[in-house]
Structures are given as C-alpha cells and as structure tokens.
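Below, chain A is the first sequence line, B the second, and so on; all start at residue 1. Note that these values count all heavy atoms, side chains included, but never hydrogens, waters or copies made by symmetry.
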2 protein chains.
Amino acid sequence: MQRALSLRGAQTPVVEVVRADFSGSDKTRMLSQKAKYALRAVLLLAERQEDEELVLIAEIAEREQIPRKFLEAILVELRKDGILESRRGKNGGYRLARPLDRISFGDVIRSIDGPLAPIRCASRTQFQPCTDCQDVDTCSIRWAMTKARDAMANVLDGWTLADAVRQRHGIGAIPLNFAV
Amino acid sequence: MQRALSLRGAQTPVVEVVRADFSGSDKTRMLSQKAKYALRAVLLLAERQEDEELVLIAEIAEREQIPRKFLEAILVELRKDGILESRRGKNGGYRLARPLDRISFGDVIRSIDGPLAPIRCASRTQFQPCTDCQDVDTCSIRWAMTKARDAMANVLDGWTLADAVRQRHGIGAIPLNFAV
DNA sequence: TTAATGTCTATCGTTTTAGTAGATTTAACG
DNA sequence: CGTTAAATCTACTAAAACGATAGACATTAA
C-alpha cells in the first residue's frame, strides 16, 4: 500500500514570496489594549508616587495617549481591585494603593483581563472545568496549560512596578529569576 | 495634609456573598475553542498513528464531539502548516505529518491561534511594534511580556504529542523541565 | 456656592469567534 | 466509465468581545 505518495501535506512554497501575506492576521490573543493601557497608567503613577501627590485622570490620559473616558473605566477597575486609591472632587486624582514592590504586572493584568491562565480549567484563581471536559484530572491539554500558566505567572507575579521603574532608570540589577 | 484618610480604595466586601458574581466573566484570553479542538483532534490522531491508517474527519468529530464543519476548517489549517497530511476521495482521511515527538503543543496552538506571545511586540515569530509605542527597546511592558512569552513557549514547545500520549497512558516519566 | 474632579450608566460600531450550508474536487472501485 | 465516499472551497451568519464615547451624577476644596 504505497499511499504515502499521494498524501497532501503542507505546500512547501516553491517561491518564498508566496508566504508574504498575513496569515494569522492580527490576533491579540492575550494582553488586551485595555490591560496595556492599565500597565502604562500604573507605571506612570509608579514614577510619581514619591511626591505623595495625586495624579489627574486627564494628565495620565494625555501623557500616555489613552482615550480619557476609556481610561476612567480602567482606573475604576484597578481601584476596585485594591491596586489604586483615588479621591474625588477638587484636587482629586489617583495614586497607587500599595508600595511599588507590592504591585506586580500579574496583579494589574488580572484586574483588567482576568486570570492569567490560557484556559479556565488551568486557572488557579478562577478555576472552572470546560463544559465538554471528559475527565478534568487526566486531560493532557489542561495539564500542559497549567504548566504554561505557572511559567507565565512566575514571571508576571514576580515582576513588580519597583523592578520596572528600576529597570527603566537603568539602575539596579534585574532579578535573578529574570536573567536572560 | 491628612488626605490619606479620605481616599477610596478597594471596597473590602462587608458580606462575602457579594463576591459571588462573575466579575471577570468568561474571557477566554488565550486558548481559543478552535485551538482546543485542534489539540484534541491531533491528540486523537496521535493515539492512532501506529496503525498507518487514515482517520476520517467524521470520526474525529464524533469521538471528540467537535462540530463537523468547524473541524474541517481546523484540519485544513493544520495541514497547511505541515502538522497533518490528508488524502481525499474514497479511503481518504487524515494523519499526522511528523513523528509524535516532533509535534509540540506550541506548534498546534500557533497554527490555529497565532503567536504565543501575549502581545505582538513580544513575539519572536511574528514581531510587530505597537502602533503607539514610544520606544520599543526600553518599553518595560514589552520586556515583561517577552519574558512571559519565553517562559510559556519553553513549556509549550517542549511538550510534544509523544509526551502527552506517554503521560495519558501513565507510562514513562514526565520530562525533567516539567517537574512540578 | 461654585468649580474641579472622579463615578456611574448606557450606548455604539467594528472585529473576532464559533459555527453552518452548499457546491466542488478528488480518488477508489466495480 | 459511473458511482460513491471522502476531503475541500466559498460564502454566510449570530453572538460575543473589544475599544471607545456621551452625558448625567456625586463629591470635595476653596
């Protein structure tokens, strides 16, 4: 049975130019624009946090080029999750609710985008089995995704605003677990 | 200036029942349903690959409870990316295009969902700067996301169908880098 | 009281996701 | 050759998520 010969596999492109399109397009997959804005905002607050002053939404919006109204919603979420504090009224504004070294990238991302895990059944903070799952305990997809989540969480929960600010200013070494 | 007292932080819920809602809802974030189907399909083919036989789409669909027509599209993508081979016509069907130990979870996920990186500027296979990026080289978000991507890729590219099948059958040890 | 500020609620257009339907091509077999 | 069993291609659709916007409302300092 020599049928291997007639099998259709990947078309190895005869000319490479063929591969020049955007197959796979522009899927964001994971970090939403919203979470990216959140990180930028929080990072800005981190730079300011020394001078005990509150920072205006308007200022954050302008400096980071984030749509004002959209940013408002983001900041409210971060406040509800205990990452930011705010005061309303005249002289109001925002600031970080905790010291720089106690706010991680993971905290911010979870606040805006939800669990870090690629799939709910691999989440440690928001576990939920797939509706069509046959056996949660032996599922090898879940197993791999859990490992992936842990690896990612290890990075994102270990990397704090303090680290980012330090890195940005070029002072201080990068933590050991993040060596390249 | 005692303004810390009047700051609004996270509302520590007075009654815990309040927290019973689904804030954060059901965002998939990363692994799409489609990619999950793809992994299930490929895993099934991996179990069958010994007996040189081709497997019907219909059979995969039924066994894995995947909508038939949707599955077709998935298998075509996997074939185009060189993960599967197929033959049409009578006695047609699908099978893996490479040995089990040369197809990783990362391969399958990339084929269906695109780059593993949480954000394009952190992708090694599909790099692209953010349109609003001020400085790609010093961006600390990109930096963190790159580390997260690498950690995740290390897991998903290292975990192959061979590993998954071995694990499923309870024989053979889990590779060192995946020790818990 | 007023002006400056954050907060809440509702809405909206676009893109992505998940899925469906039907016509078409290919290969085996008699 | 004709039939039949398969994959494949093209087009469409409903629902959700995403990114944003608008406007009324609540709070605080001066």
When the distance from [atom1] of [X] to [atom2] of [N] is rounded to whole Å, what number comes out?
X: B:Lys90; N: C:dT26; atom1: NZ; atom2: P; value: 18 Å
X: B:Ile57; N: D:dC9; atom1: CD1; atom2: P; value: 11 Å
X: A:Lys69; N: C:dT5; atom1: NZ; atom2: C1'; value: 11 Å
X: B:Lys34; N: C:dT16; atom1: NZ; atom2: C1'; value: 10 Å
X: A:Ile112; N: D:dA17; atom1: CD1; atom2: P; value: 16 Å
X: B:Ile74; N: D:dA7; atom1: CD1; atom2: C1'; value: 15 Å
X: B:Glu77; N: C:dT17; atom1: CD; atom2: P; value: 11 Å
X: A:Leu71; N: D:dA20; atom1: CG; atom2: P; value: 11 Å

Are the charged groups of A:Arg102 and A:Asp107 less than 4.0 angstrom apart, N to O?
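Salt bridge between A:Arg102 and A:Asp107, a charged N being under 4.0 Å from a carboxylate O: no.
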
Below 4.0 angstrom, N of the basic side chain to O of the carboxylate: do B:Asp150 and B:Arg124 qualify?
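Salt bridge between B:Asp150 and B:Arg124, a charged N being under 4.0 Å from a carboxylate O: yes.
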
Over 12 foreign heavy atoms within 6.0 Å of CD, A:Glu62:
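Open.
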
Short side-chain N/O contact to [N] OP1/OP2 from [X], under 4.0 Å:
X: B:Ser32; N: C:dT16; result: no
X: A:Asn91; N: C:dA4; result: no
X: A:Arg79; N: C:dT7; result: yes

Output the single nucleotide from C:dC8, D:dA7, C:dG6 whose closest atom is nearest the side chain of A:Ser86.
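Of all the options, the side chain of A:Ser86 is nearest to C:dG6.
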
Measuring from the side chain of B:Arg8 (C-beta onward, heavy atoms only), which nucleotide among D:dC9, D:dA29, C:dT7 has the closest atom?
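Side chain of B:Arg8 sits closest to C:dT7.
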
On DNA chain D, nearest-nucleotide positions of A:Tyr37 versus B:Arg68: which is more 5'?
B:Arg68

Just by distance, do the side chain of A:Arg142 and the backbone of A:Cys121 share a donor-acceptor pair under 3.5 Å?
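Looks like yes, one N/O pair under 3.5 Å.
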
Remember a base hit wins even if backbone is also touched, and classify B:Leu75 as base, sugar-phosphate or nothing at under 4.0 Å, heavy atoms.
nothing

Mark yes or no for a side-chain to base donor-acceptor pair under 3.5 Å between B:Arg88 and C:dT25, with no hydrogen or angle criteria applied.
yes

State, without any angle test, whether A:Ser32 and A:Asp113 hold a side-chain donor-acceptor pair at a distance under 3.5 Å.
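Per modelled atom types, A:Ser32 and A:Asp113 side chains form a pair under 3.5 Å.
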
